[in-house]
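As structure tokens, the structure follows; a few thoughts come after it.
Order of listing sets the numbers, starting from 1, for every ligand and every atom in it.
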Amino acid sequence: MSARRVVVAGASGSIGRQALDVCRRERSRLRVVGLTVGRRWEELGDALREWRPAALAVAEPEDAARLRVEVERAAPGCRVLTGPDAAEALLSELDFDVCVNGIVGAAGLGVSLATLERGARLALANKESLVVGGPLVRAALARGGELVPVDSEHSAAFQCLQAGGAAQATRLVLTASGGALRDHPDWKRATPREVLAHPVWAMGPRITVDSALLLNKGFELIEAHWLFDLPWSRLEVWIHPQALIHALVEFHDGSLVAQAAVPDMRLPIQLALSWPERWSRAVEPPTAADLGRLSFAPVEPGRYPALELARRAGEAGGTAPAVLNAADEVAVGAFLEGGLALGDLPGVLERVLDAHQPQGVEGRAQLVEVDRWARAEARRCLQRV
Ligand code: MG
């Protein structure tokens with residue numbers, strides 16, 4: 001079998017770097033043919049020399065002339081594209097089999113759609129693609145391409161659903177470690193420093209704050225709704241502090257199928273590249289002793305208001321999740337700068353959602369407009385807190 005041709009989008013980020021690690025370890029099966037970054041192309045030096053990709057896209061090069069000179073030195077013949085649409089242009093002209101979308105933020109949606117439009121596999125780690133653009137991604141998938149999720153919970157659910165289709169699933173459970181504030185005596189007064197000390201995953205600041213509020217899990221429910229076409233009544237969250245079981249699917253015969261793995265993103269990244277095959281150990285499997293320590297609990301009602309808001313936005317559908325996502329980015333920024341108490345953050349999101357009349361998602365221009373409105377509305381609400 002010839003090597004799968006891989007594009008790594010968001011190559012300088014956490015998922016991108018781990019995807020490059022997986023490709024390096026599986027050199028006979030994977031070949032990196034394209035890379036995209038937002039700004040930090042200097043960090044790609046080794047990957048450029050190692051893979052000599054056919055093309056590199058840089059959204060915001062500070063010095064485009066120097067970029068071209070240095071890329072030519074590291075990877076002679078590599079085509080350099082620049083500008084906000086460079087990643088999408090790269091995907092439209094390059095021959096590739098899989099794109100790992102590790103872009104952080106709304107720019108990831110364009111990459112997801114461009115990948116599916118080429119009929120390629122989308123190894124999806126970008127949350128906004130489904131949270132904000134779920135209906136657009138579903139429509140693109142109906143025309144072609146393939147989606148294999150990379151987030152640990154969705155990769156787990158995807159694997160559990162091989163045991164029986166979504167139509168036979170009565171419940172899909174995503175697990176949450178409970179974040180840094182699970183045992184905090186008064187989470188509403190937690191400081192940014194306390195929130196940023198996540199017990200399991202090392203992640204960016206916004207997602208770590210979202211995890212402490214279980215809002216990240218709420219966004220993951222929205223993603224699961226679009227990924228697996230499951231109604232909201234069948235989507236649930238359980239608290240599971242050890243983060244070894246990532247998702248469980250209950251089927252209508254009473255069987256409950258779970259996926260367990262140590263929390264290490266290289267496993268779901270590798271699986272999204274190897275599927276339907278499984279390649280040799282990406283990580284060490286959990287032991288009997290590991291599994292013997294597991295505990296689970298339902299989410300205490302009222303304890304995580306932001307999770308409930310995500311469910312409300314997901315059930316409302318249309319542009320509501322995009323509004324929640326944009327408002328949250330503003331509110332988390334205010335919290336990290338010391339301008340908003342954590343306990344007041346869900347209230348800000350709720351007021352923005354209350355002020356929004358959801359519309360059906362029609363296209364990216366509309367989503368950009370909704371995003372802008374929600375950010376402005378969130379800033380207005382912040383002034384009144
Ligand atoms: Mg996750």
Side-chain angles (χ1 to χ4, degrees), residues 10 13-19 22 100-105 108 112 122-132 134 137 147-161 172-182 195-228 230 235-249 258-272 282-283 286 294 296 299 304 306-307 310-311 313-314 321 324-325 328-329 332:
S14 164
I15 295 290
R17 280 183 278 117
Q18 294 180 81
V22 170
V100 179
N101 185 353
I103 291 176
V104 176
S112 290
L122 173 61
L124 182 63
N126 170 260
K127 284 181 186 291
E128 286 77 5
S129 291
L130 290 169
V131 170
V132 173
V137 171
L147 199 169
V148 182
V150 165
D151 202 358
S152 55
E153 294 81 357
H154 302 103
S155 175
F158 174 84
Q159 293 174 65
C160 294
L161 284 165
L172 166 59
V173 180
L174 302 185
T175 62
S177 70
L181 305 180
R182 193 181 61 241
V195 174
L196 293 179
H198 193 280
V200 180
W201 301 96
M203 306 174 290
R206 179 186 166 196
I207 187 172
T208 306
V209 176
D210 284 348
S211 295
L213 296 169
L214 255 59
L215 179 54
N216 180 53
K217 206 54 55 179
F219 287 135
E220 288 180 356
L221 287 180
I222 295 172
E223 293 179 85
H225 166 74
W226 291 113
L227 274 170
F228 307 116
L230 283 167
L235 297 172
E236 208 170 295
V237 175
W238 290 355
I239 303 290
H240 168 47
Q242 299 82 13
L244 275 183
I245 304 279
H246 303 286
L248 311 91
V249 175
Q259 188 262 355
V262 296
D264 184 324
M265 290 306 294
R266 283 172 304 178
L267 176 61
I269 292 168
Q270 176 173 305
L271 187 71
V283 295
L294 301 191
F296 299 88
V299 175
Y304 294 101
L307 172 63
R311 181 177 280 276
L324 183 65
N325 175 64
D328 179 55
E329 194 161 322
V332 169

### Task
Of all the heavy-atom pairs spanning F219 and R206, show the shortest one and how long it is.
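Smallest interatomic distance, heavy atoms only, reads CE1-NH2, 3.8 Å.
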
Of all N/O/S atoms in [X], which lies nearest to the Mg ion (ligand 1)?
X: E220; value: OE2
X: E153; value: OE1
X: D151; value: OD1

### Message
Taking the side chain as everything from C-beta on, heavy atoms only, tell me whether P321 gets closer than 4.5 Å to I222.
### Response
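Yes, close enough: below the 4.5 Å cut-off.
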
### Non-hydrogen side-chain atoms of P205 and L196 separated by less than 4.5 Å
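A side-chain contact under 4.5 Å exists here.
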
### Under the ring-ring contact (aromatic ring centres under 6.0 Å, His included) test, residues paired with F158 that sit two or more places apart
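ring-ring contact (aromatic ring centres under 6.0 Å, His included) list for F158, sorted by chain: W275.
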
